[in-house]
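When reading the values below, keep in mind they use all heavy atoms of this one structure, side chains included, and skip hydrogens, waters and symmetry mates.
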Amino acid sequence: MEDIRKLREYNSLRHMNMTAEEIVAETKAATAGIIEQLMKNGNIVKVVRV
């Protein structure tokens with residue numbers, strides 16, 4: 001639980017100097033990597049984007 005708090009604090013401090021567009025772009029890039037790995041491992045088959 002403490003690790004999650006530290007990660008949130010780190011991201012919060014880092015995002016303070018970023019625009020909303022930069023934060024969204026970074027989040028999408030990180031999410032794409034996670035989704036790719038899940039698909040590669042067979043944990044998910046299809047992702048529906050809305």
Identify every side-chain donor-acceptor pair in residues 29-37 under 3.5 Å, counting partners at least two apart or on other chains, and give the distances.
| residue | atom | partner | partner atom | Å |
| --- | --- | --- | --- | --- |
| T31 | OG1 | T27 | O | 2.7 |
| Q37 | NE2 | N41 | OD1 | 3.4 |

Residue list, side-chain contact (heavy atoms from CB on, under 4.5 Å) with N17, at least two apart or on another chain: none
Pairwise distance NE2(H15) to CD(E26) - rounded to 0.5 angstrom: 4.5 Å
Write out all pairs satisfying side-chain hydrogen bond (donor to acceptor under 3.5 Å, both in side chains) with one or both partners inside residues 2-12, taking only residues at least two apart or from two chains. N11-R14
